[in-house]
Amino acid sequence: MPNSWTPQSWKQFPILQQPHYSDKDSLGGILDSLSALPPLVFAEEVKALRSSLADVADGKAFILQGGDCAESFTEFSEEHIESMVKVMLQMAVTLTFAGKCPVVKIGRMAGQFAKPRSADMEEQGGVSLPSFRGDNVNQIEFTEAGREPDPERLRMAYHQSASTLNLLRALTRGGFASLKNVRQWNSDAVDNTALSEQYGDLSSRIHDSLEFMESCGINVDDFSKLQGTAIYTSHEALLLDFEQAMLRKQDDGWYDLSAHMLWIGERTRQLDHAHVEFLRGVENPIGVKIGPTADVEEITKLANLLDPENTPGKLIFITRVGAEGAYEKLLELFERMKQLDRKIIWICDPMHGNTVKASSGYKTRKFEDILSEVQAFFRAHKAAGTWPGGIHLEMTGRNVTECTGGAFNLSDEELSNCYDTQCDPRLNASQSLELAFLIAEQLREN
Ligand code: PEP
Ligand code: CO
């Protein structure tokens with residue numbers, strides 16, 4: 001790596017997973033216009049997130065990061081965002097109350113469009129076309145016109161992200177997220193189930209505590225932390241042309257204001273490639289996906305590049321090693337990085353190492369594998385004496401049928417009932433809440 005980082009220095013490095021635009025002039029014009037538009041988030045918010053993440057690095061808080069694998073232009077609605085926010089609030093309050101730990105909430109939302117793919121081209125019936133790379137690049141429809149990368153889609157994604165953030169801010173700060181409403185967050189998707197009873201019990205206890213405080217003359221509305229909350233945004237920083245257009249210079253450095261937090265995917269985290277070069281220059285907190293083949297030497301170099309000053313709250317390693325052998329792999333990473341005195345936040349993505357093909361042909365994930373990787377993550381931290389910093393999930397507030405198992409024992413045959421994802425299979429609302437209760441148990445035992 002050269003010493004001098006600039007907003008364009010990534011262009012001198014090899015880069016993977018980028019679309020090939022045929023109309024370069026049109027791309028250039030759109031990128032210029034995006035760099036003149038208001039940022040999607042603000043640098044002060046990014047700083048607030050970094051300060052909350054410093055608490056996580058210190059073992060005093062837990063991260064809940066979750067949302068769609070890929071947001072879509074067609075699934076964009078008030079209902080979609082509101083149901084996601086509801087289930088995130090329910091999970092967070094469960095982790096805080098039952099797990100007795102403050103929670104930092106980060107959505108995979110308001111910008112999580114672009115997808116890395118295993119092949120550049122997709123073949124169907126003897127026809128070969130560019131792979132679908134997310135709604136901000138091309139269309140999922142397998143037609144020549146649909147699969148042609150269209151730079152106008154970057155602008156559409158920017159505007160959808162702005163609308164999503166607008167609703168997110170209204171929902172989290174406009175009263176809806178007040179703890180007084182804890183009973184109203186239960187969604188239709190979880191209603192009338194044993195899980196909704198468990199949540200009902202927890203929310204009633206919180207409600208009673210607030211009423212008790214008010215009876216004692218304490219006005220709950222005076223406490224901003226009880227009245228609302230922040231849900232920060234994040235996405236995989238994959239399309240570097242777009243991310244560069246969202247850079248804004250502040251007094252203390254460059255911020256990528258397309259989201260509060262950004263991460264580098266498993267397929268683009270090579271030490272001498274463009275994604276690491278680009279992200280080492282921004283002030284945002286940075287995540288890196290850590291797959292089953294990553295070794296200590298490699299991740300130490302990544303940490304040295306992305307967080308040379310070893311600042312608590314700057315760097316998040318998102319492990320996604322798969323349930324099999326997870327304990328041994330994770331224990332080694334946690335122990336060795338602890339020996340190096342690295343202030344890394346570790347969070348567990350139990351989704352991406354556990355994708356399988358169901359007998360019905362659908363790409364799915366088994367709830368039991370997801371839980372097993374989460375449990376291995378907690379056990380390995382306990383053995384290493386390190387802090388389990390959080391969880392990273394692909395989930396939705398809707399009642400989809402994409403992952404099997406869970407309390408309702410969703411079967412392979414039921415996957416076709418409501419399999420809506422644009423990309424990877426997500427936990428539905430009740431599976432997400434169930435997992436939150438199980439994680440709260442692990443947190444309490446920690
Ligand atoms: C993702 O988070 O959707 C993803 C593609 O993950 P990974 O880079 O870990 O495969
Ligand atoms: Co995914």
Side-chain angles (χ1 to χ4, degrees), residues 15-19 63-72 75 84 106-120 131-137 140 157 233-240 243 258-259 261-271 273-276 278-279 285-294 298-299 302 306 315-323 326 329-330 333 346-357 362-366 369-370 373-374 377 390-396 400 402-403 419-428 431-432:
I15 187 163
L16 300 177
Q17 299 286 346
Q18 304 303 293
I63 298 170
L64 168 64
Q65 184 174 26
D68 290 311
C69 177
E71 288 174 287
S72 97
E75 229 192 26
M84 185 79 83
I106 309 177
R108 282 179 67 115
M109 21 185 352
Q112 172 50 29
F113 293 99
K115 297 312 300 173
R117 302 317 303 250
S118 44
D120 260 357
S131 296
F132 171 60
R133 291 191 170 273
D135 271 357
N136 59 351
V137 174
I140 201 162
T233 62
S234 68
H235 61 257
E236 178 175 347
L238 187 66
L239 303 182
L240 294 189
E243 301 301 338
S258 65
M261 176 210 162
L262 298 152
W263 77 84
I264 309 179
E266 167 71 358
R267 294 170 188 77
T268 50
R269 61 169 168 76
Q270 300 78 6
L271 292 160
H273 277 48
H275 289 83
V276 170
F278 178 77
L279 284 159
I286 300 300
V288 188
K289 292 290 196 92
I290 303 294
T293 57
E298 195 182 2
I299 68 172
L302 272 170
L306 293 166
L315 187 59
I316 303 169
F317 279 159
I318 309 168
T319 59
R320 31 86 87 221
V321 297
K329 284 177 206 154
L330 294 175
L333 298 183
W346 296 98
I347 73 176
C348 172
D349 165 1
M351 314 299 293
H352 288 89
N354 294 310
T355 315
V356 290
K357 201 169 181 165
Y362 283 98
K363 188 157 92 163
T364 189
R365 290 157 173 160
K366 297 181 188 160
D369 292 342
I370 293 170
E373 184 165 344
V374 171
F377 174 81
I391 181 94
H392 178 116
L393 300 173
E394 287 186 343
M395 51 179 261
T396 166
V400 300
E402 297 169 6
C403 291
Y419 193 95
D420 271 359
T421 184
Q422 286 250 68
C423 195
D424 290 337
R426 303 160 293 181
L427 293 169
N428 62 27
Q431 288 168 330
S432 303

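Counting starts at 1 for both ligands and their atoms, following the listed order. Index from 1, following the sequence.
- One N or O on the side chain of R108 and one on the backbone of C69 form a donor-acceptor pair closer than 3.5 Å.
- The two residues Q18 and L239 have their closest heavy-atom pair at OE1-CA, 3.7 Å.
- For NZ of K366, the number of neighbouring non-hydrogen atoms (other residues, nucleotides, ligands) closer than 6.0 Å is 12 at most.
- Aromatic ring pairs are classed by plane angle as parallel below 30°, tilted from 30° to 60° and perpendicular above 60°; the pair H392 and H352 is perpendicular.
- L16 and R267 make their closest contact through CD1-O, 3.7 Å (heavy atoms, listed as atom of the first residue, atom of the second, distance).
- Between the side chains of E236 and H275, no donor-acceptor pair of N or O atoms lies under 3.5 Å.
- The atom of E394 that is an N, O or S and sits closest to the Co ion (ligand 2) is OE2.
- The angle that C69 SG and H352 NE2 make at the Co ion (ligand 2), rounded to 10°, works out to 170°.
- Restricting D424 to its N, O or S atoms, the one at the least distance from the Co ion (ligand 2) is OD2.
- If you check the side chains of Q17 and R133, you find a donor sitting under 3.5 Å from an acceptor.
- Enumerated by chain and number, the residues approaching ligand 1 to less than 4.0 Å through a heavy atom are C69, R108, K115, P116, W263, G265, E266, R267, K289, R320, H352, E394.
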